[in-house]
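Just so we're on the same page: letters track the sequence lines, and every chain starts at 1.
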Number of protein chains: 2
Amino acid sequence: MLELLNKVNIQVKEGICLKDPSSSELGNKIFSEGVRMIDEIGMEAFTFKKLADAIGSTEASIYRYFENKHKFLLYLTSWYWSWTEYRMVFRMANIESCEERLERAIALLTNPAENDLAFGNVDQEALHRIVISESGKSFMTKDVDEDNRIGAYVAYKQCVSRVSELILELNPNYKYPHMLVSTVIEGAHHQRYFAEHLPRLTDVVKGEDSVGEFYRAMVFNTIQAK
Amino acid sequence: MLELLNKVNIQVKEGICLKDPSSSELGNKIFSEGVRMIDEIGMEAFTFKKLADAIGSTEASIYRYFENKHKFLLYLTSWYWSWTEYRMVFRMANIESCEERLERAIALLTNPAENDLAFGNVDQEALHRIVISESGKSFMTKDVDEDNRIGAYVAYKQCVSRVSELILELNPNYKYPHMLVSTVIEGAHHQRYFAEHLPRLTDVVKGEDSVGEFYRAMVFNTIQAK
DNA sequence: CAAATATAATAGTATTACTATCATTTTGGT
DNA sequence: ACCAAAATGATAGTAATACTATTATATTTG
């Protein structure tokens, strides 16, 4: 089983990058060191210059993979959502109960990611932190519509769509499944961030899975199916 | 009544700006034209240079009011939340039923703002759009903790706290009132944004108050009090 | 009316986000 | 093993941004 999973390659919609970073050593370094660096210093302070220095390459070389740092962020979030969809499908496989599948999906979306060496040498926990604190900036921009056109958000939409279908299976009359799911996803990110920086906006207790418990109850109470 | 309300001055925590913009004509111009401009071109493209040109002043003069454009955004969001708290208190005044007060608070938080000339000549609808699309950037930054220290988010926290209290009044055993309220606020902003740009992440129907209805039902079902 | 304060005009700097050019290395096909 | 093509490195340059500094001119206030 481990053999089989060894090196699953997450494909990101082409068009986001100029050249597929998973196709070369330099590309992989850009990806993994980029994640490390953005997690450390944040998107604002992050530059291709700093990244180039860190991996012993040059600005110009990185620009051959990504048009600019915004596209790089789109690539990271897109990779994250493809990876998350993969994990979601995996965790729901062979589970009969629809309720149980929904529970598992919510748990996946509301809990911190855990590193899985099967997916390259990217620090997925760090990537999750980046998604929490920077992904809003990937779509809250004047380029949303263009970025949407090139498919930068398909993986995200697909995750939302999958969970929405579970909800409709449990309650075919529920009117707002997509709203509910996107509320859970974005909400969970915010709560984790608030817990760290603005605790008065949340009720997260250290050591408890408050976020997961809160959103699980919220979803089931809202769709009135449990 | 209109007389009485004529010119209510919203006070923003000092320390966010170097000099209170409501204290001078130039300051007021910076505020109102800044809102107009950010709504039009977005925070990324917005610069003090462009703003200065638009109001026939200079970069240096604006820098005497605000350290940088991030502080300016903090000022705008802070003003917005003070204004919103004011409206919230007003709308709940003299309403006996706690449920009704909560309903009204949710409606206020989930619906678009309407211009009210009593509060200076700022375009409040535009400011609301700015809060929707840019306010995430006001706290998703490496400076959060410092900005929090100087009180940049007190007005926001106060709004959350007020609504949380209503929830606790309806259900004193509910464990996550702050989570629920911040989820509603941030969620409503996201849904409005998605409706415009990423419709597959929401279920908003033009002409209907889907956002308000969704969050109203979500809150009452979640706290199990109606 | 003098003194203090606010604003305008102008100039300058470091950094950023790129683009361009050319040299060198690596790789893949025969 | 060798050549052509592709990838990368080295270096330089540009326009815009986010400021800071200085001095001059209004404007307000006591």
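- Ring pair B/His189/B/Trp81 is tilted by interplanar angle, where 30° to 60° counts as tilted.
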Any protein N or O atoms within reach of nucleotides 11-18 of chain C? Criterion: under 3.5 Å, listing atom names and distances.
unit_1: C/dA17; atom_1: OP1; unit_2: A/Lys69; atom_2: NZ; d: 3.4
unit_1: C/dC18; atom_1: O5'; unit_2: A/Tyr63; atom_2: OH; d: 3.0
unit_1: C/dC18; atom_1: N4; unit_2: A/Glu59; atom_2: OE1; d: 3.2
unit_1: C/dC18; atom_1: N4; unit_2: A/Glu59; atom_2: OE2; d: 3.4

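- For the pairing with B/Phe48, the ring-ring contact (aromatic ring centres under 6.0 Å, His included) check across B/Tyr65, B/Phe66, B/Tyr63 returns one residue only, B/Tyr63.
- Here the closest heavy-atom approach between residue A/Ala126 and residue A/Val35 is recorded as CB-CG1, 3.9 Å.
- A/Gln191 and B/Ser182 form a side-chain donor-acceptor contact under 3.5 Å, judged by distance and modelled atom types alone.
- OP1 or OP2 of D/dG9 sits under 4.0 Å from a side-chain N or O of A/Ser61.
- The side-chain contact (heavy atoms from CB on, under 4.5 Å) with A/Leu180 is formed by just one residue from the set A/Ile185, A/Val160, A/Val163, A/Ile167; it is A/Ile167.
- Of the residues in residues 26-40 of chain A, not one places a heavy atom less than 4.0 Å from an atom of DNA chain C.
- Remark: C1' of C/dT5 and CD of B/Glu25 are 16 Å apart, rounded to the nearest angstrom.
- A tilted orientation is assigned to the rings of B/His197 and B/Tyr193, their planes being inclined by 30° to 60°.
- Few gaps surround NZ on B/Lys142; more than 12 heavy atoms of other groups in view lie less than 6.0 Å from it.
- One interatomic measurement links the two molecules: NZ of B/Lys49 to C1' of D/dA15, which rounds to 14 Å at whole-angstrom precision.
- Looking at A/Thr84, its side chain does come within 3.5 Å of a backbone N or O of A/Tyr80 through a donor-acceptor pair.
- Atom P of nucleotide D/dT17 and atom CG of B/Asp53 are separated by 11 Å, given to the nearest angstrom.
- Inter-residue side-chain proximity for A/Phe214 and B/Thr183 is flagged as met; some heavy-atom pair is nearer than 4.5 Å.
- Here D/dT17 presents its P atom at 14 Å from CD1 of B/Ile62, a figure rounded to the nearest Å.
- One atom, CZ of B/Phe66, and another, P of C/dA6, lie 15 Å apart when rounded to the nearest Å.
- Rounded to whole angstrom, the span from the CG atom of B/Leu51 across to the P atom of C/dT7 amounts to 14 Å.
- Residues B/Ile41 and B/Lys50 form a side-chain contact, since some pair of their non-hydrogen atoms from C-beta on lies under 4.5 Å apart.
- Rounded to whole Å, atom P of D/dT27 lies 15 Å from atom CZ of B/Arg64.
- Remark: A/Leu198 CG to B/His178 NE2 distance equals 12.5 Å, nearest 0.5 Å.
- Nearest heavy atoms, B/Glu59 versus B/Ala52: N-CB, 3.5 Å.
- Note on B/Tyr65: only backbone sugar-phosphate atoms sit closer than 4.0 angstrom, heavy atoms only; bases stay farther off.
- Summary for the helix from C/dC1-D/dG30 to C/dT30-D/dA1: the axes at its two ends, each from 5 pairs, differ by 30° when rounded to the nearest 10 degrees.
- Taking atom CE on B/Met43 and atom C1' on D/dT17, their separation rounds to 14 Å, with Å as the unit.
- Listed pair B/Ser57 / C/dA8 meets the phosphate criterion, a side-chain N or O lying under 4.0 Å from OP1 or OP2.
- Dashed line: the shortest gap from a side-chain N or O of A/Ser24 to OP1 or OP2 of D/dT8 is under 4.0 Å.
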